[in-house]
Every structure is written in structure tokens, then in C-alpha cells.
2 protein chains.
Amino acid sequence: MVREVELVHGQIRAPSLQRLPLGYDFFAVPLPEKTLIAHIRRMALQRGARGGNRALLTGIGDDCAVLRLWPEHELLVTTDFSLEGVHFRRNWHPPESVGHRCLARGLSDIAAMGGLPTAVFLSLALPAELPQRWVERFARGLLTLARKYGATLAGGDTAESPHGILADMVVIGTVPRGEAVGRAGARPGDRIYVSGALGGSAAALARMTEKRQGTLKPRDYPGHFFPEPRIELGRALREKGLVSAMIDISDGLSTDLGHICEESGVGAEVEAEAVPRAGVGKPAHEVDLEVALHGGEDYELLFTVPRGKRIPSQIRGVPITRIGNIVRRRKILLMSRGGMGCELGPEGWEHFKK
Amino acid sequence: MVREVELVHGQIRAPSLQRLPLGYDFFAVPLPEKTLIAHIRRMALQRGARGGNRALLTGIGDDCAVLRLWPEHELLVTTDFSLEGVHFRRNWHPPESVGHRCLARGLSDIAAMGGLPTAVFLSLALPAELPQRWVERFARGLLTLARKYGATLAGGDTAESPHGILADMVVIGTVPRGEAVGRAGARPGDRIYVSGALGGSAAALARMTEKRQGTLKPRDYPGHFFPEPRIELGRALREKGLVSAMIDISDGLSTDLGHICEESGVGAEVEAEAVPRAGVGKPAHEVDLEVALHGGEDYELLFTVPRGKRIPSQIRGVPITRIGNIVRRRKILLMSRGGMGCELGPEGWEHFKK
């Protein structure tokens with residue numbers, strides 16, 4: 001079961017999907033969007049200029065995209081809305097960040113199953129007044145991330161939006177048959193681990209809300225503006241057979257650990273001191289414990305490991321921290337250094353209000 | 001190659017997908033939507049109460065849906081936005097019709113490839129003020145149609161919408177390897193056929209626009225409010241190996257025939273007298289030729305058949321009409337009875353304006 005992650009030219013390649021020379025279809029599109037999509041298509045082509053991908057993207061338009069799976073693989077499907085005013089704001093988020101975040105959510109779901117992304121589909125509705133430049137930059141953010149993880153933009157739909165920018169991103173991935181890592185496998189005695197550091201995305205959001213008009217420099221808050229989906233880590237953990245359950249932290253540690261506990265029928269003890277807190281801003285300072293516990297959209301992986309299996313302090317360049325244990329009693333406790341525990345409720349992230 | 005369509009209890013069953021007992025995920029959902037989704041999930045369960053489907057829907061939530069394809073099948077993927085004010089209006093379309101139409105678009109794309117639908121994913125953003133009753137009726141329309149064609153609601157996303165109802169529907173289907181029917185196979189000498197009758201949907205839309213405030217009785221305009229995707233017909237045509245190219249009429253005959261001609265590098269001659277026109281209203285009367293030629297959203301199938309292959313006047317209960325021929329010269333001509341031709345431009349349907 002222990003196989004190395006295959007790296008091709010420094011990038012993970014999904015081995016499980018062959019693309020057919022049939023294309024994708026954006027029909028019933030008003031002319032400006034048609035031009036736009038043609039443009040995105042050209043950009044996708046330039047960025048994904050590898051044999052297999054090119055075969056799909058230069059392929060002719062048709063009613064559906066046609067994809068061929070390798071034998072002995074299963075299909076992963078996830079969909080995520082990104083709506084202006086709910087998931088992003090045009091005056092807070094540069095277009096490249098919106099495109100990146102829009103795709104990162106779905107890629108992170110694939111990572112949390114131990115899968116590899118293969119094809120992405122973008123449904124995009126744009127207000128008539130939106131400058132074409134915005135969409136180009138949005139597409140650049142999205143396609144740069146897609147290319148990094150070997151995923152092809154394989155289709156979608158477009159429309160004119162009556163209000164605001166609306167995107168729905170579908171990510172299709174694959175995983176060897178029977179190997180998808182679910183949420184229900186955690187057992188009492190398992191250790192709880194988390195990748196990276198938490199709270200950085202929520203802290204950036206809080207700052208923008210406080211500043212009111214406020215823009216932040218994306219390079220000082222990369223965890224919020226350009227979160228990295230943990231595809232390589234998720235794949236490595238699945239291939240080495242190390243994890244009993246896994247989820248990505250999209251709603252906050254407290255909420256997402258709650259999902260694992262609920263689905264597995266167990267409880268957890270989290271050591272407050274152990275939770276890795278993100279450093280944000282310039283000069284960087286550590287986020288509060290509350291933010292690390294409840295802040296969402298970090299897209300780190302939270303996973304449980306049976307006792308006796310060794311986890312290194314770093315996998316594929318990502319720091320891994322042990323933060324607690326799975327227990328039989330079906331509650332989640334936050335433990336202080338002195339051994340006192342208080343119950344940790346699911347107070348994760350919710351969409352920000354207008 | 002000639003096999004009969006398998007009917008199980010009067011319904012088509014997709015033979016190519018096994019569902020695994022992993023569920024679907026609606027995360028980061030405000031409480032009202034969470035309740036709503038739980039409700040839709042229960043409805044889906046009641047309506048899709050067959051073994052395989054139940055295994056998916058009662059399965060636990062996870063980051064992705066996991067689907068297993070049978071060997072020797074390929075995957076079809078199509079996505080379609082349905083936006084309030086663009087694709088439907090709350091005061092024109094009953095919720096059941098919105099749910100039905102939202103799914104019919106994707107099913108029709110699957111039909112046009114000769115495929116069978118297997119799983120559907122719904123991303124749904126709802127305004128805070130929307131009555132729960134609306135969503136229940138919407139879900140009923142969608143799930144009734146999904147069940148009819150053996151497709152399972154397997155996941156999606158939800159959010160609160162800042163403006164209007166927003167739905168994005170993903171339909172995943174399958175087709176035996178190498179058998180997907182594309183748009184590029186039409187050859188000079190092929191005959192052009194269309195299923196059903198055309199223009200009924202656009203005529204209903206025109207009447208509502210004229211009436212201004214105007215609601216119509218859905219039972220008098222079923223082609224607009226409850227269009228039937230031609231899944232059984234598409235499958236039968238593909239299985240019998242009768243068609244060289246196929247598309248569904250979503251944008252209007254003139255536009256969609258244009259797509260076939262463009263992708264196949266051919267032209268066409270359409271006999272004006274032969275185009276089957278829908279009867280609409282009560283008492284029913286035939287739509288004008290213009291509406292039949294350019295009106296969209298009929299979701300009938302338009303296909304080409306090599307000379308010498310016989311097409312019956314009815315397949316699976318759907319009337320089939322020959323409307324013209326594919327020609328070498330790359331223009332589309334509309335021919336009068338006397339043999340005069342005028343060029344037929346792509347003046348298909350566009351989203352209606354507010």
C-alpha cells in the first residue's frame with residue numbers, strides 16, 4: 001500500500017482520466033459572453049498545453065463533455081457556489097483571488113478524499129457592466145491553479161447575471177477503487193492531526209470587515225486570498241494508508257472536527273496549546289486561539305491516525321501537527337495545559353453578511 | 001448493434017453506475033437552508049426508494065460524492081444555470097415547472113449524446129425571504145423528473161442568495177465506450193430528422209410577454225412548462241446505430257442545425273412545409289413557421305441519418321419527421337414547396353429580458 005506520490009515535472013498528474021477529443025459547450029450565450037468564453041478557452045489552452053488536455057479543449061463543441069475513466073478508479077464529484085457579496089466582494093478580492101478561491105474550495109474537497117482532480121466545469125453568470133478585464137484576471141487565477149494540479153477546464157455554462165457575479169464550480173476527481181477516505185472511520189484512541197496553521201483566512205476577513213472600505217495586500221494574507229488545496233498531502237496520506245478519517249477545514253476546526261465525530265460516532269479531546277495558529281499581516285502576528293478554532297476557509301486537512309502509525313512532522317513540505325485524540329464519549333472537549341476541559345461547540349465560519 | 005432499450009417497470013434504468021454508500025455534503029449552510037436540504041434529501045429518498053439510490057442518499061455526508069462506473073462506459077457531464085429573471089420568473093412559472101425545467105435542460109443534453117443520466121447535483125442559492133413551500137414544490141418538480149429517468153440527486157451546494165433564486169444543475173450520465181453521438185458526423189446526402197413538434201415553448205413565452213402580468217395554464221402549454229427530455233429516443237437511436245450526428249433543440253432549430261453543420265463542415269436544406277409545428281393553447285392552434293424555426297427550449301432531438309437507413313415515423317411513442325437533407329455547400333437553405341431557397345440564419349432563442 002505504501003507507494004510514492006508520482007511527480008511529473010514537479011506537478012502531480014492524475015493518472016486516471018483520458019480525455020477524448022470532444023469538446024465543451026457554452027450555448028445560449030449572449031455575444032459578449034461568447035467572446036469571453038472563447039477567450040477563456042484560449043487561455044485554458046495556452047495554460048494546459050499538454051497532449052491529453054489539448055485533445056479535450058481543442059475538441060469540437062458538443063452537448064456534453066465526454067470523459068473516460070481508467071478501470072479500477074472511482075469518481076469524486078463536488079460542487080461549490082461562489083457568489084459576489086456572499087463568498088467574495090469585488091472591492092475586497094482581486095479577480096485572480098476570486099478565481100483561485102472559487103476552484104480551491106472544490107480541489108480541497110477532492111484532497112480530503114485522498115483523490116486527484118481531473119476535470120473542472122465552470123458555470124459563470126456575469127453582470128452586463130462587468131469589464132472584460134475582470135473576467136480575464138478571474139480566469140487567470142482559476143486556470144493557474146487548475147494547471148498546477150493537472151485539472152482541465154472541460155466545460156460549463158454561461159449566462160448574463162441580473163445581479164452580481166455568480167460562479168458555480170464543479171470539480172471531478174478520481175481515486176483508486178475503494179480507497180476514498182471518508183469521515184466515518186475515526187476510532188477511540190486515534191490521534192488527531194492538522195496540516196499547516198489555522199485561522200489565517202478568517203483573520204484577514206475580520207480585518208477587512210473592521211476596516212470597512214478596507215483592502216488588504218494579498219501577499220500579506222496568502223491564506224485568505226490564495227489558499228493552497230492540500231492535494232499532494234491528501235494523496236500521500238491515502239497512498240500510505242495512514243489515516244482513518246479525513247476532512248478539509250472549510251467551516252472551521254470546531255465544526256469540521258464535529259463532522260468527523262458525528263459521522264464516526266465518537267468524541268474528541270483537543271489540546272488548546274497544540275492548535276497551530278496562523279501568522280498574518282506584516283509584521284506577522286499569531287491569530288487568537290478563538291480564530292484558529294472557529295475560523296473557516298483555511299483548506300487545511302484534518303485527519304485521524306490509528307495509534308501506532310507514525311506521522312512525520314512534515315509531509316510534502318507541509319507541517320503536520322498533532323492536536324489531540326479521538327475518545328469514546330461523544331463530546332468534543334478543549335483541554336487546557338492543566339488538564340481541564342471545556343466543551344468545544346461548532347461555531348465555525350458562516351458566509352459574511354452584506 | 002441493434003439491441004432493444006431495456007425497460008424496468010416502465011422506466012429506463014441506467015445500467016452503468018453503481019452507487020456507493022457515501023453521501024453528499026451541504027456545508028457552510030445557514031440553518032434555514034440546512035433544514036431545507038434535509039427536507040429535499042428526505043423527499044429524494046422517498047421518491048428514489050430503490051436499492052442503489054437509497055444507498056447513496058442515506059449514506060453519510062462527505063466532502064465529495066463517490067460514484068463507481070461500470071467498465072467500458074464513458075462519462076458525460078453537462079452543467080446548466082437556471083437563474084430567476086433570466087431562465088424563469090416566479091410570477092410566470094410554478095415552482096414545480098422551475099424544478100422540472102432546471103433538470104430537463106441537462107437531461108436533454110445527455111439524451112443528445114445517446115447517453116443515460118445517472119446522478120444529478122444541484123447548487124441552489126435562495127433569497128432569505130423565499131417561502132419554504134416554494135422550495136418544496138421546486139424539489140418535487142425536479143425529483144419527479146429525476147426519478148422518471150433513474151437519476152439520483154447525489155449532492156450539491158447551497159447558499160443564501162443576495163438577489164433572486166439561483167440554481168446550477170449538473171447532470172452526469174454514461175454511454176458505452178466510443179458510442180457517444182457527437183455533432184460532427186453529418187455527411188452530404190444524410191437526411192435530417194426532428195422529433196416531436198417545434199415552437200411550443202417559445203410560443204408560450206411570447207404569450208406571457210404579451211400579456212405582461214400574464215400567467216398561462218401549464219396544462220395548456222406542457223412543452224414550455226414541463227418539456228420532456230428525449231432520453232429513451234436518444235438511447236434507441238444510438239443503440240440502433242442509426243444516426244450520424246445529433247443535438248437537442250435548446251436554442252432553436254436554425255441555431256442548433258447550424259451547430260451540426262458547422263461542426264460537420266457541411267450545409268443543409270430544410271423544407272419549410274415539412275417542419276412540424278407545435279399546437280399550443282386551448283383551443284390549440286399551430287405556431288407560426290418563424291416560431292418553429294427559431295424558437296428555443298423545445299428539447300426535441302435533431303439528428304442526421306445516412307441515406308439508406310430507415311427511420312420509422314414514430315420511435316418510443318415520439319413522432320419523427322424528416323425535414324430535409326445535408327448538402328455539401330456550407331449554407332443552410334430554407335426551401336419552399338416550389339423549390340426556391342432562402343438562407344436560414346441562426347436566429348434562435350435568447351434569454352428573455354426583464
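Atom set for the values below is all heavy atoms of this structure, side chains included, hydrogens, waters and symmetry mates excluded. Keep in mind it's a predicted model, so treat the numbers as computed, not measured. So that the names make sense, note that chain A is the first sequence line, chain B the second, and so on, each numbered from 1.
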Quick one: what part of B:Ile110 sits under 4.5 Å from any heavy atom of chain A, side chain, backbone, both or neither? both
Lys/Arg N to Asp/Glu carboxylate O, B:Arg105 vs A:Asp63, below 4.0 Å: no
Please round to the nearest 0.5 Å and tell me the distance separating atom OG1 of A:Thr118 and atom CG of B:Leu75. 8.5 Å
Relative to chain A, which segment of B:Leu83 carries a heavy atom at a distance below 4.5 Å: side chain, backbone, both, or neither? side chain
To the nearest 0.5 Å, atom CG of A:Leu166 lies from atom CG of B:Asp168 at 10.0 Å
B:Arg187: which residues meet the side chain to side chain donor-acceptor pair (under 3.5 Å) condition with it, sequence neighbours left out? none
Minimum heavy-atom distance B:Cys64-A:Asp109, with the two atoms named: SG-O, 3.4 Å
Pairwise distance CG(A:Leu67) to CD1(B:Ile172) - rounded to 0.5 angstrom: 9.0 Å
Okay, B:Val171 and chain A: the region with an atom under 4.5 Å from a heavy atom over there is neither
Taking the side chain as C-beta and beyond, is there a heavy-atom pair between A:Met113 and B:Val66 under 4.5 Å? yes
Heavy-atom proximity to chain B below 4.5 Å, by part of A:Val77: both
I need the minimum non-hydrogen distance between B:Phe121 and A:Thr79, along with the two atoms involved. CB-CG2, 3.9 Å
Nearest atoms (heavy-atom pairs only) where A:Phe81 meets B:Ser123: CE1-C, 3.3 Å
Could I get the full list of salt bridge (Lys or Arg N to Asp or Glu O under 4.0 Å) partners for B:Arg90, not counting sequence neighbours? B:Glu84, B:Glu129
